[in-house]
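See below for the structure under consideration.
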Amino acid sequence: MSHPSSLIVRSDSCGSFEVFSPGKDIHNGDIFISDDVSDSSSYSSSIDDGIECSLPSNPLPSSRSSSCKGRIGCFLFLVAAVVAVGAYLSIQDPRTNKINPPQTAGNKMGGPGKGTSVLDTTVVHSELFLAEILEGLGNTITEEAIMTPGTTENDAFEWLKANTEVTDELNVVQRYIMTLLYMELDGDSWSAMSPLRATDECEWPFSECTDDNKIFRISIDNVTATGSIPPALGKLPFLERLSLEDNEMTGSLPNILGELPLLSRIDIDNNQFTGQIPESFYSTGMLEVFDADSNLFTGTISENVGNLTKLIHFSFSNNALSGNFPNKGFKTLTKLQNLVLMNNTITGAVGVGVCDLFNKTLGNLVELWADCEDLRCACCTFCL
């Protein structure tokens, strides 16, 4: 009779026993301890914790039986056997009958909406960190970029593994994004800013967090930061303010930034950003301030600017914007106070609907600056 998922305890005397691996056959003189006794020919007695002790129906040889005549000896033997079985079952997965690995207390990795127990080893941390990052960042990053030595993505990942304590509060994706941003903007050159000065990214000098440790503000101003904005930044769902002004940053604005649901302020003036204003930015319903003076932006201002119903300040002076002035879009922005477009090549005419926004019963416009030679404007407060 074989019991593949049970323990066999063989007794030489009532004070001595051996535990055998699952799969051993029972012979006379063996005592079988099981959590599932199906042999109807065996004698069973119930034990308090639900485990049953089964004795074969064949009597033990007299040499062994005589050694168990003392009730105390037999009782001690049964207690020891039950303890052995209990220890075995405590580490056995009832679904697979496999031994579970030990768990380290307090080592849950709490990504967004997650809490996964992990072994306290570098290898397991690396695998779980990578899985969390790839899931959290989606198509803004690739596994190849993260795992290829020499890339900024890999540098950030290696730093993360070496400088991250696994706790219940850990947000792996957020921490990786902030590390990536720091390295992409050549953070080591910032004399007064380094994440190495604080363990938690919420305490880094250029970030601010909500009470529940979600980053809502990033301010990296006037530190001669170089590099470009990583698309992964668009995966910070609680980000409200992004300020990167007075630096030497390049590249275009990632489209995904326009998908941030709470983004209300973008200050990126006095850099070297290029490309067009992403169409996604015109759908940022919470946007109040878009300040991008003195960059290298090209293209036109979309009529969809009218979707920015909360917009107060829109400033793109000293760029290379062109095309017709979008009257249809701007005339609906009743909260707009400052519209600054000088030193571009925008053409056409500022319509009556926009000028009417100076009327306090119709709007809140205070300043309207433009190149009045290219863009005819009867109500501009400043013409270049």
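The CG atom of N324 lies 11.0 Å from the CD1 atom of I301; values are rounded to the nearest 0.5 Å. Going from atom CD1 of I266 over to atom CG of D291 covers 10.0 Å, rounded to the nearest 0.5 Å. Atom OG1 of T164 and atom CZ of F157 lie 10.0 Å apart (nearest 0.5 Å). Remark: L308 CG to S302 OG distance equals 9.5 Å, nearest 0.5 Å. F358 CZ to E367 CD: the interatomic distance, rounded to the nearest 0.5 Å, is 7.5 Å. In this structure, L384 CG and N343 CG are separated by 5.0 Å, a value rounded to the nearest 0.5 Å.
Side-chain N or O atoms of T284 include one that pairs as donor or acceptor with a backbone N or O of G258 at under 3.5 Å. In this structure a side-chain-to-backbone donor-acceptor pair under 3.5 Å is missing from D155 to M183. In this structure, D221 contributes its side chain and E245 its backbone to a donor-acceptor pair below 3.5 Å. Put simply, the side chain of N319 gets close to the backbone of A292: a donor and an acceptor are under 3.5 Å apart. Remark: the backbone N or O of V354 is not paired with any side-chain donor or acceptor of D356 at under 3.5 angstrom.
Side chains of L253 and I229 form a contact here, defined as non-hydrogen atoms less than 4.5 Å apart. A 4.5 Å side-chain heavy-atom check between F216 and R241 finds every atom pair outside the cut-off. For the pair W204 and T179, the minimum side-chain heavy-atom distance is below 4.5 Å. When side chains are defined from C-beta on, T148 does not count as touching N154, because their heavy atoms never get closer than 4.5 Å. The side-chain heavy atoms of I218 and L236, taken from C-beta on, include a pair separated by under 4.5 Å. The side-chain heavy atoms of L130 and Y176, taken from C-beta on, include no pair separated by under 4.5 Å. I177 has its side chain within reach of L137: a pair of non-hydrogen atoms, C-beta onward, lies under 4.5 Å apart. At least one side-chain heavy atom of L368 sits less than 4.5 Å from a side-chain heavy atom of C377.
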| Verdict with reasoning, E259 to I256, per side chain to side chain contact (heavy atoms under 4.5 Å, CB included) | CA-CA 5 Å; E259 299 174 10; I256 195 171; 3.8 Å; yes

| message | If you apply the rule side chain to side chain contact (heavy atoms under 4.5 Å, CB included), what do you find for L160 with I133, and how did you get there? | response | CA-CA 11 Å; L160 182 78; I133 292 167; 3.8 Å; yes

| query | Going through the checks in order, is the side chain to side chain contact (heavy atoms under 4.5 Å, CB included) test met by V223 and N247? | reply | CA-CA 6 Å; V223 292; N247 288 296; 3.4 Å; yes

| query | Would S280 and L257 count as a side chain to side chain contact (heavy atoms under 4.5 Å, CB included) if you check the C-alpha gap in whole Å, the side-chain angles of each, and the deciding distance to 0.1 Å? | reply | CA-CA 8 Å; S280 61; L257 290 184; over 6 Å; no

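When the options N222, T224, N271, N270 are evaluated for a side chain to side chain donor-acceptor pair (under 3.5 Å) with D246, the one that passes is N270. With L321 as reference, I346 is the one residue of T300, I346, T298 to meet the side chain to side chain contact (heavy atoms under 4.5 Å, CB included) rule. Among the candidates Y282, F297, F316, the single residue satisfying the ring-ring contact (aromatic ring centres under 6.0 Å, His included) test with F290 is F316.
The two residues K235 and G136 make their nearest non-hydrogen contact at CD-O, 3.6 Å. In terms of heavy-atom proximity, K335 sits nearest to N364 at CA-ND2, 4.0 Å. The shortest heavy-atom contact between N344 and A320 is OD1-N, 3.3 Å. When all heavy atoms are compared, the tightest approach of E201 to I215 is CG-CD1, 4.2 Å. Closest of all the heavy-atom pairs between E184 and P230 is CG-CD, 4.2 Å. For the pair L357 and K331, the tightest heavy-atom approach, listed with the atom from each and the gap, is CD2-O, 3.7 Å.
A continuous path of Ile, Leu, Val, Met, Phe, Trp and Tyr side chains, each step under 4.5 Å between heavy atoms, connects M178 with I220, placing both in one hydrophobic cluster. When the side chains of ILVMFWY residues are joined at heavy-atom separations under 4.5 Å, either directly or via intervening members, M342 and V366 end up in two distinct hydrophobic clusters. L134 and V173 end up in the same hydrophobic cluster when Ile, Leu, Val, Met, Phe, Trp and Tyr side chains are linked at under 4.5 Å. Grouping the Ile, Leu, Val, Met, Phe, Trp and Tyr side chains by contacts below 4.5 angstrom, directly or via other members, places M286 apart from F314. Clustering ILVMFWY residues whenever any of their side-chain heavy atoms sit less than 4.5 angstrom apart, transitively, puts F238 in a cluster other than the one holding L233.
On the SG-SG cut-off of under 2.5 Å, C372 and C380 do not qualify.
One side chain, D293 or S317, offers a donor N or O that lies under 3.5 Å from an acceptor on the other. Side-chain contact of T361 with N359: a donor-acceptor pair under 3.5 Å is present, judged by distance alone. Looking only at atom types and distance, the side chain of T226 has no donor-acceptor partner in the side chain of E248 under 3.5 Å away.
Around the CD atom of E158, the shell of radius 6.0 Å holds more than 12 heavy atoms that belong to other residues, nucleotides or ligands.
Classified by interplanar angle (parallel below 30°, tilted 30° to 60°, perpendicular above 60°), the ring pair Y182/F206 is parallel.
Between E288 and K310, no side-chain nitrogen of the basic residue sits less than 4.0 Å from a carboxylate oxygen of the acidic one, so the salt-bridge criterion is not met.
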